A.B. asks: 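First the structure, then my questions, so here it is.
Residue numbers start from 1 in every chain, and the chains themselves are labelled A, B, ... in the order their sequence lines are given, proteins ahead of strands. Just so we're clear, the structure is a prediction, and the values are computed from it rather than from any experiment.
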Number of protein chains: 2
Amino acid sequence: MATVRDVSSKLDSIDIALIEALQANARTPIAELGRKVGLSQPAASERVRRLEDIGVIVGYGVRLDPAALGLATEVSMRVRTSFDRFRPCVEHLKGVPEVVQLRRLTGEECLDLTVRLPDTVALEAVIDDIGRFGDVRTAVVLHAEPPKPLGRTLIRGCGARRA
Amino acid sequence: MATVRDVSSKLDSIDIALIEALQANARTPIAELGRKVGLSQPAASERVRRLEDIGVIVGYGVRLDPAALGLATEVSMRVRTSFDRFRPCVEHLKGVPEVVQLRRLTGEECLDLTVRLPDTVALEAVIDDIGRFGDVRTAVVLHAEPPKPLGRTLIRGCGARRA
DNA sequence: CCTGAAATCAGTAGGGA
DNA sequence: TCCCTACTGATTTCAGG
């Protein structure tokens with residue numbers, strides 16, 4: 001398994017600025033990226049490549065509007081299953097397209113999933129499907145704040161709370 | 001506000017292929033994108049621009065490894081608060097850097113948050129901070145599957161405008 | 001980390017199925 | 001309507017300092 005090393009101490013303020021700029025728009029040309037952080041284009045290019053090489057940047061993705069794609073309904077589910085049903089349950093859930101996020105948690109409700117659906121009508125089939133593996137608690141997402149990027153307030157002020 | 005229109009019926013198979021390619025790597029040059037889906041560079045460029053214009057593509061982001069940034073601990077929290085404390089709670093949580101995701105749910109535990117931290121030591125302060133607004137149930141994320149992209153298996157109703 | 005040259009890429013114009 | 005080829009400017013990469 002991959003040994004995930006914390007390399008944040010090897011990052012300077014320019015690296016963080018590059019990361020923040022890429023969070024805002026990952027398709028920003030490297031040249032403009034360099035302008036934003038006060039570097040020449042080749043220097044910025046090498047920085048970004050280094051961030052990829054050391055594993056800070058894993059990849060680049062596109063932000064989509066699920067509602068525009070006909071997937072307006074988001075549901076959060078918690079599953080409580082038995083010890084011997086856990087593995088089969090996870091393997092099954094990994095193959096369910098509607099399950100867009102799957103996390104194992106501490107506690108009795110050991111699985112947390114986020115489900116994307118066109119409407120609540122489609123929810124019934126998913127609940128029945130997953131219910132075979134254990135108790136399911138379902139909650140519809142009424143409103144979701146846009147995910148917060150990992151900025152310098154988090155990376156540097158680790159654990160910093162308002163004083 | 002959110003006049004979110006479902007435009008998935010206006011998307012064809014090529015649009016979905018472009019979206020999937022951008023999910024895999026949002027920094028793919030448009031020219032190579034066109035090669036992947038069997039289109040010339042200008043055609044691919046116009047397609048992508050159209051996907052942006054109609055609101056399917058909201059933006060482009062970078063995927064980071066939180067552990068490499070010194071944020072190895074992920075925590076899922078559920079907050080149960082009272083009617084009059086709800087709004088202040090949300091406003092407060094929106095300003096907490098460690099809260100990277102914030103969703104309002106149906107049911108009694110009306111708030112679901114994901115928190116990013118360097119370690120469990122930093123968790124105590126967050127729990128105490130949020131606990132002022134109501135009952136908090138906390139679970140550490142032991143393992144998270146990589147988020148599943150919204151692919152063609154999910155997006156249906158793609159009325160074939162063209163093949 | 002900067003400058004400069006070669007290759008690739010992006011945006012526009014014009015024409016065709 | 002949608003697509004393709006050609007052209008011009010911008011961008012990226014690689015070399016050398």
A.B. asks: Verify the distance criterion only: is there a donor paired with an acceptor across the side chains of Tyr60(A) and Glu52(A) at less than 3.5 Å?
C.D. replies: yes
A.B. asks: Classify every nucleotide of nucleotides 1-17 of chain C by which part a protein heavy atom approaches to under 4.0 Å, writing B for the base, S for the sugar-phosphate alone and - for neither, in 5'-to-3' order.
C.D. replies: SSB-----SBBB-----
A.B. asks: Could you work out, with salt bridge (charged side-chain N to carboxylate O under 4.0 Å, His left out) as the rule, every residue matching Glu124(A), not counting sequence neighbours?
C.D. replies: none
A.B. asks: Have Arg78(A) and Ser76(B) got a donor and an acceptor in their side chains that come within less than 3.5 Å?
C.D. replies: yes
A.B. asks: For atom CD of Glu145(A), is the number of surrounding heavy atoms from other residues, nucleotides or ligands below 6.0 Å larger than 12?
C.D. replies: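 It does: Glu145(A) CD has more than 12 such atoms within range.
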A.B. asks: Strictly distance-based, threshold 3.5 Å: is any side-chain N or O of Thr81(B) a donor or acceptor partner for the main-chain N or O of Gly134(B)?
C.D. replies: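 Looks like no, no N/O pair under 3.5 Å.
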